[in-house]
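Down below is the structure, laid out as structure tokens.
Numbers here simply count residues along the sequence, with the first being 1.
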Amino acid sequence: MAPPLKLAFLGSDPIALPALDWLAGEGSRWAQVAAAYTQPDRPAGRGQRTEPGPVKRWAEAHGIPVRQPEKLTPDETEWLAAQRFDAALVTAYGHILGDAFLGAPRLGTLNLHASLLPKYRGASPIQTAVASGERETGVTLMRIVRRLDAGPIADAERVLVGPLDTAPDVEARIATACVPLLARALPRFAGGELAFAEQDHVAATFCRRLAKEDGTLDFRAPAAVLAARINGLWPWPGCVITFAGITLRIGLADAVSPPGRVDPAPAAPGLVLGADDDGLRVATGEGVLRLRRLQRPGGKALAAAEFLRGFPLPVGACLPSRPMTALVGREPFR
């Protein structure tokens, strides 16, 4: 058996940790992480204390050198080339990689992208897939090229998305799915037997970095569309409603069929219809939306029944609609 590949790992988010744990254990037969690149330490939390990120903490706990450049300068490329890495593996790193940096490792640079490419190329693939109502997504192993998430694909691992899954639920599932994907692919990659296939670029869709403005809701849309958007955009930026001048965040929702027969004169979109054991029911352009978790400013996200005991939203109140921004495009967002 050939010696394990000398690997540079580039990542910043917790989604990388299951793959790193596998590489430190069973996967070390095929590849060993010899250096970790991650974002510089940033202020975080209410106290804005500067704390190391999850990848840095993992690397330091395993005695692995850490690099945290603000930018990938030519000096960083020279350092990478001087280390004679066999390959680099990227997972949610956060820097654009130039051609010289990508080509510095002997076998090139691979990426674990958190969607089933060519769908959802871009900065928010998990959130956008959930917000778009997908019932399946996953993670794709690909080569990185300079065109956005357009490199050839080696393999993918699929995960299911349930109707009550939020983006963090799916992110955790995708993080775990990276392990069997690498377990299949790395032995073949180390042996020079891993094949890569060109993506279907015509079928590509693109997502973007999310913004606070994406949290608006238009109750004229179908309940299923609204529920998916609420669940996909939790916790950031979070979808919001306004009542009595107070902005409330919605942490979880689903679409429900109204009880009994269909009313030939449906309620106006945004009208509060009442509450059941699972949430607050709101009329939409098609069907009924149930808000299952709510949060007031400065408070915690609570199950709707508990929330409504302290902040009632009466039957007959009408929640205002606001236009919803597009999250998916056929071309990269600028």
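Screening residues 185-204 for side-chain hydrogen bond (donor to acceptor under 3.5 Å, both in side chains) gives Arg121-Gln199, Arg121-His201, Glu198-His201 as the qualifying pairs, with residues at least two apart or on separate chains.
Ring geometry for Trp30 against Trp22 counts as parallel: the plane angle stays under 30°, on a 0 to 90° scale with 60° as the upper cut.
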Task: side-chain contact (heavy atoms from CB on, under 4.5 Å) between Arg184 and Glu157, worked out - done: CA-CA 10 Å; Arg184 288 196 305 270; Glu157 185 77 9; 2.7 Å; yes
Open item on the list: Run Leu280 and Leu308 through side-chain contact (heavy atoms from CB on, under 4.5 Å) and show every step you take.
Closed with: CA-CA 8 Å; Leu280 183 75; Leu308 294 171; 4.0 Å; yes
TODO: For side-chain contact (heavy atoms from CB on, under 4.5 Å), just list the numbers for Phe219 and Leu289, CA-CA rounded to whole Å, side-chain angles, deciding distance to a tenth of an Å, and then say yes or no.
DONE: CA-CA 9 Å; Phe219 290 101; Leu289 177 69; 4.0 Å; yes
Open item on the list: If you apply the rule salt bridge (charged side-chain N to carboxylate O under 4.0 Å, His left out), what do you find for Glu76 with Lys71, and how did you get there?
Closed with: CA-CA 9 Å; Glu76 284 298 332; Lys71 294 183 179 180; over 6 Å; no
Task: Full working for side-chain contact (heavy atoms from CB on, under 4.5 Å) between Leu116 and Arg158 - done: CA-CA 7 Å; Leu116 297 176; Arg158 298 174 181 271; 3.2 Å; yes
TODO: Check the pair Arg29 / Glu26 against salt bridge (charged side-chain N to carboxylate O under 4.0 Å, His left out), numbers first and verdict last.
DONE: CA-CA 6 Å; Arg29 290 184 289 171; Glu26 180 184 349; 3.4 Å; yes
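Nearest heavy-atom pair, Gly162 versus Arg135, reported as atom, atom and distance to 0.1 Å: O-NH1, 3.9 Å. Contact record, Pro314 with Phe243: CD-CZ, 3.6 Å, taken as the closest heavy-atom pair. Counting all heavy atoms, side chain and backbone alike, Cys318 lies closest to Pro269 at SG-O, 3.9 Å. Taking all atoms of both residues into account, the shortest heavy-atom contact from Ala156 to Leu181 is N-CD1, 3.7 Å. Closest heavy-atom contact between Pro105 and Ala87: CB-CA, 3.6 Å. Scanning both residues, Ala31 and Leu186, for their nearest heavy atoms gives CB-CD1, 4.0 Å.
Not a single donor-acceptor pair under 3.5 Å links the side chain of Thr284 to the backbone N or O of Arg220. Without hydrogens or angle criteria, Thr205 side chain to Val328 main chain gives no donor-acceptor distance under 3.5 Å. In this structure, the side chain of Thr176 engages the main chain of Ala172 through a donor-acceptor pair within 3.5 Å. Looking only at distances, a side-chain donor or acceptor of Arg57 sits under 3.5 Å from a matching main-chain atom of Pro52. Distance alone, capped at 3.5 Å, is enough to place a donor-acceptor pair between the Arg249 side chain and the Pro235 backbone. The closest donor-acceptor contact from the side chain of Arg208 to the backbone of Ala326 lies under 3.5 Å.
By the neighbour-count criterion of 12 heavy atoms within 6.0 Å, atom CD of Glu136 is densely surrounded, having more than that number from other residues, nucleotides or ligands. Shown here is Arg67, whose CZ atom has more than 12 heavy atoms of other residues, nucleotides or ligands within 6.0 Å. Shown here is Ile246, whose CD1 atom has more than 12 heavy atoms of other residues, nucleotides or ligands within 6.0 Å. In this structure, Glu286 places its CD atom where only 12 or fewer heavy-atom neighbours from other residues, nucleotides or ligands lie under 6.0 Å away.
When side chains are defined from C-beta on, Tyr120 does not count as touching Asp149, because their heavy atoms never get closer than 4.5 Å. In this structure, the side chains of Cys178 and Pro18 stay at 4.5 Å or more apart for every pair of heavy atoms. At a threshold of 4.5 Å between non-hydrogen side-chain atoms, the residues Leu23 and Leu7 count as touching. Side-chain contact between Asn231 and Asp165 is absent, with no heavy-atom pair separated by less than 4.5 Å. Looking only at side-chain heavy atoms (C-beta outward), Phe9 and Thr91 come within less than 4.5 Å of each other. Pro152 places a side-chain heavy atom less than 4.5 Å from the side chain of Val145. Taking the side chain as every heavy atom from C-beta outward, Ser28 and Pro4 never approach each other to under 4.5 Å. Residues Thr137 and Ile174 are in side-chain contact: their nearest non-hydrogen atoms beyond the backbone lie under 4.5 Å apart.
With salt bridges taken as basic N to acidic carboxylate O contacts below 4.0 Å, none links Arg322 and Asp218. Remark: Lys6 does not engage Asp86 in a salt bridge, criterion side-chain N to carboxylate O under 4.0 Å.
Ile250 contributes atom CD1, which lies 10.0 Å from atom CZ of Phe307 (distance to the nearest 0.5 angstrom). Distance check, rounded to the nearest 0.5 Å: CD of Glu134 to CG of Leu160 gives 12.0 Å. In this structure, the separation between CG on Leu80 and CG on Asp75 is 12.5 Å, given to the nearest 0.5 Å. Leu319 CG to Leu313 CG: the interatomic distance, rounded to the nearest 0.5 Å, is 6.5 Å. Here His95 contributes atom NE2 and Leu72 contributes atom CG; the two are 5.0 Å apart, rounded to the nearest 0.5 Å. Considering CG of Leu327 and CD of Gln127, their distance stands at 10.0 Å, rounded to 0.5 Å.
Under a hydrophobic-cluster definition in which Ile, Leu, Val, Met, Phe, Trp and Tyr are linked whenever side-chain heavy atoms come within less than 4.5 Å, directly or via other members, Val130 and Phe206 are assigned to different clusters. Residue Leu248 is grouped with residue Val282 when hydrophobic side chains (ILVMFWY) are merged at heavy-atom distances under 4.5 angstrom, including chains of intermediate members. Residues Val161 and Leu252 do not share a hydrophobic cluster, defined by chaining ILVMFWY side chains whose heavy atoms lie under 4.5 Å apart. Residues Ile15 and Leu17 share a hydrophobic cluster, clusters being chains of Ile/Leu/Val/Met/Phe/Trp/Tyr side chains in contact below 4.5 Å. Hydrophobic cluster membership is shared by Val55 and Leu112, with clusters built from Ile, Leu, Val, Met, Phe, Trp and Tyr side chains linked at under 4.5 angstrom.
By the 4.5 Å side-chain criterion applied to Ile, Leu, Val, Met, Phe, Trp and Tyr, Leu117 is assigned to a cluster that also includes Met142, Ile153.
Using a 3.5 Å distance cut-off with no hydrogens or angles, the side chains of Gln68 and Tyr37 do not pair a donor with an acceptor. Side-chain contact annotation: Gln39 with Tyr93, donor-acceptor N/O pair under 3.5 Å absent. For the residue pair Thr325 and Asp214, a side-chain donor N or O sits within less than 3.5 Å of a side-chain acceptor on the partner. Side chains of Thr128 and Ser124: a donor on one and an acceptor on the other come within 3.5 Å. A donor-acceptor pair shorter than 3.5 Å cannot be found between the side chains of Arg42 and Ser12.
Cation-pi contact between Arg296 and Phe311: absent, since separation from the ring centre below 6.0 Å together with deviation from the ring axis within 45° is not met.
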